[in-house]
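Notes to accompany the following structure.
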Amino acid sequence: MKENRPIIALDFASRTEVQTFLEQFPSQEKLFVKVGMELYYAEGPDIIHYLKDCGHSIFLDLKLHDIPNTVESAMRVLAKLGVDMTNVHAAGGVEMMQAARRGLGEDAILIAVTQLTSTSEEQMRKDQNIQTSLQDAVVHYAQKAQEAGLDGVVCSAHEVKLIKEATNPEFVCLTPGIRPSGGEIGDQKRVMTPADAARIGSDYIVVGRPITKSEDPYQTYLSIKEEWNRG
Ligand code: C5P
């Protein structure tokens with residue numbers, strides 16, 4: 001189901017930086033933000049409490065990958081924090097993903113990373129000894145995530161159609177690598193505009209630097225949101 005707010009990646013090193021950034025938004029504007037490893041490991045659960053107190057929705061992007069028992073216990077802790085969405089690596093296997101679901105419960109959205117978008121097909125073959133195409137590997141992991149009872153996957157916007165066909169239309173596809181029309185692409189390789197991501201069926205888009213590095217983050221956020229909802 002499509003979320004009308006773009007998720008803002010809070011790729012900052014400290015709570016102070018986050019606060020300075022968020023002060024540029026009206027306090028009544030309730031955002032959907034992504035907290036990644038850097039910020040979470042620096043600030044711990046307090047950063048989640050702070051963002052929740054501000055009224056924002058939270059995707060905690062920690063990409064868990066460990067034995068099922070450990071992941072289940074860790075997810076129980078994240079459920080208590082009250083995050084709205086979190087994730088695991090599908091490479092941990094169906095049992096690990098099922099354990100993650102048990103630990104987290106049904107209230108938060110649980111998605112899986114299939115293959116990292118930084119992994120090329122050649123690297124996957126050499127490093128992981130998976131001898132299929134990258135696309136087949138991504139689709140396979142998406143199906144395993146579905147089998148384990150997860151809500152969806154993180155994927156490239158270019159893979160959404162294939163994944164929805166291989167799972168079902170309600171299976172969530174969350175897509176980073178989004179760049180507004182005419183914007184700089186930075187180190188992202190395969191980018192898509194918010195409007196195109198909407199057209200091909202993304203349910204959530206994650207946008208970082210185009211908003212965090214903008215001279216006017218709030219206006220940039222609003223225009224990306226408008227483009228996403230128009231698409
Ligand atoms: O700044 P930018 O819009 O490229 O940020 C995208 C965010 O999404 C970053 O936090 C990045 O780590 C994350 N991400 C990604 N590609 C993935 C998974 C996560 O860009 N496959």
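For reference, positions follow the sequence shown, starting with 1. Just so you know, ligand 1 is whichever comes first in the structure, and atom 1 is the first atom listed for that ligand. Since the structure is predicted, the reported quantities are computational estimates derived from the model, not experimental observations.
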Not counting sequence neighbours, list each pair that qualifies as a salt bridge (Lys or Arg N to Asp or Glu O under 4.0 Å) and has a residue in [range].
range: residues 68-94; result: E72-R76, E72-R102
range: residues 11-23; result: none
range: residues 142-163; result: R101-D151, K144-E147, K161-E165

Review point. At a 4.0 angstrom heavy-atom cut-off, what protein residues surround ligand 1?
Key: A9, D11, K34, T117, P176, R179, Q188, V206, V207, G208, R209, P210
Point to revise | Spacing of NZ belonging to K30 relative to OG belonging to S57, to within rounding of 0.5 Å | key: 10.0 Å
Review point. Are the side chains of T175 and M192 in touch, meaning some heavy atoms are under 4.5 Å apart?
Key: no
Study note, to complete from the structure: E3 and W228 have their tightest heavy-atom pair at O-NE1, 2.8 Å
